[in-house]
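The structure under discussion appears below in the form of structure tokens.
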Amino acid sequence: MSYINRSLLPVKILQFGEGNFLRAFVDWMIDIANEKAVTDTSIAVVSPRFRENSTIKNLKSQDCLYHVWLEGIEAGKPKSEKRLIRCITDAFSPVVDFKRYEDYILAPELRFVISNTTEAGIRYDDDDVLADVPVTFPGKITSLLYRRFRHFNGDRAKGLIFLCCELIEDNGSTLREYVLRHAEALQLEPEFSEWIKSSCIFCNTLVDRIVSGFPSDTIDEIRDELAFDDKLVVKGELFHVWAIGCAEYEKVRNELPLDKAGLNVLFMPDIKSFREKKVRILNGSHTGMVAIGLLSGCDTVLDAFENTDINRFIRIMTEREVLPVIYGDIEELRSFSKDILERLYNPYMRHMLKSIALNSLSKWEARNFPTVRDFWNKKGLTADFELFTFAALMALYSPSSDFIAEDNIEHLDIIWRIWADGGDYGDIIRKITEGGIFTVNFEEVVPGFSQKVGEYLESIMTEGIEKSLMLFLNNRDK
């Protein structure tokens with residue numbers, strides 16, 4: 001595919017999300033598939049919150065062109081590859097240009113909606129989906145589908161395929177559930193709900209590639225090599241896998257045959273077991289280490305893993321608490337875990353902990369609490385390593401921390417108010433878990449959760465993270 005021909009490709013994909021991950025993962029894949037004549041689509045990108053932002057502006061200023069730079073170890077040798085991504089042909093904010101957005105969502109050639117709105121994006125709240133700009137992402141999708149349903153008079157051939165990349169369990173089916181719930185709440189015609197059920201496909205997907213983002217530390221050298229002042233160049237690891245699951249997976253594969261382009265894309269009827277391994281081991285390790293690492297003065301994942309105590313903590317947590325509650329052969333799980341954790345040592349990835357810390361509250365619930373829950377249900381014991389990571393997160397988010405959290409501002413306000421009210425540490429944790437921040441009450445699911453976390457939080461706040469972590473590990477070696 002040449003640069004000139006890219007504008008001739010129809011926009012079959014509407015993408016909610018302009019961040020580093022989608023651009024270094026999904027868009028990278030579509031670009032390769034287009035080049036190999038496996039697909040013939042371009043992508044229109046909108047910001048999930050519909051607001052203009054710096055990435056949207058930079059995409060427009062660069063004619064939607066940018067580079068993906070991948071580095072890692074392959075067959076025991078260093079490998080680096082770079083690629084100019086050409087498959088995006090439009091990027092805009094619907095708040096600024098709603099007519100353009102409407103033209104895309106009502107276009108007969110539109111077939112796919114791809115999203116990454118973070119774990120906090122797929123949530124149900126009361127929303128006016130008949131407004132031009134609903135507040136929530138499920139509200140926006142309900143509005144999109146309702147406009148399309150009415151425009152095409154319920155034509156079953158004009159349904160859409162959704163590929164959700166948010167790291168929550170059952171991401172696609174959960175979005176579908178919330179869309180149908182919005183339709184029922186607003187008493188939209190029953191035919192609309194039937195059209196969603198019969199004509200639209202909501203895939204559950206699992207994505208895996210470590211993307212470190214914009215390489216600010218080496219950008220001058222990279223720009224010299226690219227001979228282009230790329231404000232959107234994004235770095236990532238060579239490894240990638242995308243698992244896509246739904247009852248109609250063969251239909252999705254036929255329409256988007258990315259695997260035929262040599263990409264590691266797996267189509268299957270159900271991704272549950274595949275997802276459980278990856279999210280709990282890789283993403284759970286990331287989220288578990290991020291607060292401990294930041295409190296310890298680490299900047300990157302590699303910094304944290306080169307810290308002896310943090311490295312030891314994550315490995316023991318994975319072996320003792322994570323693997324025993326994942327279904328499957330334990331030796332296969334250990335091998336999978338070994339490969340996953342080795343990827344964290346990639347010397348080429350400057351994966352910033354502060355980037356991983358984005359929306360840590362919802363991430364911890366999605367990635368780490370399931371292990372706490374299952375460990376309690378299976379063994380009748382608290383998963384103390386996982387609880388320590390939650391205590392570290394609460395210390396990181398406390399008013400005495402210098403860290404500026406990027407998270408739901410209402411949830412941060414709740415946490416700060418609870419800290420301001422005082423009380424013992426266990427009481428603070430109990431109030432936080434009951435404060436409406438999380439979708440479940442941790443204490444109700446795992447009795448004693450608040451007291452145990454409170455003990456670890458007190459140790460971190462009074463002894464400091466390094467000594468507290470050392471004492472924690474030493475006590476568990478006895």
Side-chain angles (χ1 to χ4, degrees), residues 279-298 301 303-305 307-325 337 341 344 353 356-357 360-376 378-398 400-401 403 405 415 419 424-430 432-433 437-438 442-443 445-478:
V279 170
R280 294 201 187 194
I281 295 172
L282 176 62
N283 301 105
S285 294
H286 270 157
T287 300
M289 81 162 65
V290 70
I292 299 173
L294 287 168
L295 289 170
S296 300
C298 301
V301 171
D303 291 340
F305 254 69
N307 178 300
T308 303
D309 282 345
I310 298 177
N311 187 316
R312 182 172 155 220
F313 177 93
I314 294 298
R315 291 187 179 278
I316 296 174
M317 181 179 79
T318 302
E319 175 66 25
R320 291 187 188 176
E321 297 180 354
V322 180
L323 298 187
V325 296
S337 174
L341 294 178
L344 304 183
L353 291 176
I356 301 172
S360 280
L361 295 170
S362 58
K363 284 178 177 176
W364 195 91
E365 181 177 12
R367 301 173 176 186
N368 299 75
F369 184 70
T371 294
V372 177
R373 176 199 64 209
D374 293 350
F375 200 80
W376 174 260
K378 186 173 182 178
K379 297 180 177 291
L381 300 170
T382 53
D384 289 339
F385 282 79
E386 293 281 15
L387 266 56
F388 188 93
T389 70
F390 188 75
L393 179 59
M394 292 300 98
L396 186 71
Y397 275 28
S398 72
S400 62
S401 171
F403 181 72
I415 291 173
W419 273 98
D424 64 43
Y425 290 100
D427 197 43
I428 289 172
I429 294 299
R430 179 184 58 78
I432 289 174
T433 61
I437 295 171
F438 305 101
F442 300 156
E443 180 68 32
V445 177
V446 181
F449 178 95
S450 300
Q451 180 182 345
K452 266 289 180 67
V453 174
E455 292 172 5
Y456 300 143
L457 178 59
E458 181 175 12
S459 174
I460 293 169
M461 298 298 288
T462 57
E463 302 287 354
I465 188 63
E466 291 89 353
K467 185 175 180 180
S468 179
L469 182 60
M470 180 187 68
L471 291 171
F472 178 91
L473 290 168
N474 289 345
N475 286 337
R476 271 135 197 91
D477 279 345
K478 292 180 180 178

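As a basis for the values below, the full set of heavy atoms in this structure was taken, side chains included, without hydrogen atoms, waters or symmetry mates.
With Asn311 contributing its side chain and Phe305 its backbone, the two residues share a donor-acceptor pair below 3.5 Å. The backbone N or O of Arg430 sits nowhere less than 3.5 Å from a side-chain atom of Glu443 that would complete a donor-acceptor pair. The backbone N or O of Phe385 sits less than 3.5 Å from a side-chain atom of Glu321, completing a donor-acceptor pair. One N or O on the side chain of Ser398 and one on the backbone of Ala395 form a donor-acceptor pair closer than 3.5 Å. Put simply, the side chain of Ser401 never gets that close to the backbone of Tyr397: no donor and acceptor are under 3.5 Å apart. For the pair Asn368 (side chain) and Gly284 (backbone), a donor-acceptor distance under 3.5 Å is present.
Around CD of Glu455, the count of heavy atoms belonging to other residues, nucleotides or ligands within 6.0 Å exceeds 12.
The pair Asp384-Arg320 does not meet the salt-bridge criterion, since no charged nitrogen lies less than 4.0 angstrom from a carboxylate oxygen.
To the nearest 0.5 angstrom, Ser285 atom OG is 12.5 Å from Arg280 atom CZ. Within the model, atoms OG1 of Thr389 and CG of Leu396 stand 12.0 Å from one another, a figure rounded to the nearest 0.5 Å. From Ile292, atom CD1 reaches atom CG of Asp309 across 10.0 Å, with rounding to the nearest 0.5 Å. Rounded to the nearest 0.5 Å, atoms CE (Met317) and CG (Leu323) are 10.0 Å apart. To the nearest 0.5 angstrom, Ile460 atom CD1 is 10.5 Å from Glu466 atom CD. Atom OG1 of Thr382 sits about 3.0 Å away from atom NZ of Lys452, to the nearest 0.5 Å.
Summarising the geometry of Pro324 relative to Lys378, their closest heavy-atom pair is O-NZ, 2.5 Å, with the distance given to 0.1 Å. Minimum heavy-atom separation, Ser450 to Thr433: OG-OG1, 4.1 Å.
Between Tyr456 and Phe388, the ring-plane angle classifies as tilted under the 30° and 60° cut-offs. Classified by interplanar angle (parallel below 30°, tilted 30° to 60°, perpendicular above 60°), the ring pair Phe390/Trp364 is tilted.
Between Phe313 and Phe472, the distance separating the two ring centers is shorter than 6.0 angstrom.
At a threshold of 4.5 Å between non-hydrogen side-chain atoms, the residues Phe438 and Ile432 count as touching. For the pair Asp374 and Lys379, the minimum side-chain heavy-atom distance is 4.5 Å or more. Looking at heavy atoms from C-beta onward, Trp376 lies out of side-chain contact with Leu381 at the 4.5 angstrom threshold. Inter-residue side-chain proximity for Met461 and Ser400 is flagged as met; some heavy-atom pair is nearer than 4.5 Å.
Using a 3.5 Å distance cut-off with no hydrogens or angles, the side chains of Thr287 and Lys363 do not pair a donor with an acceptor.
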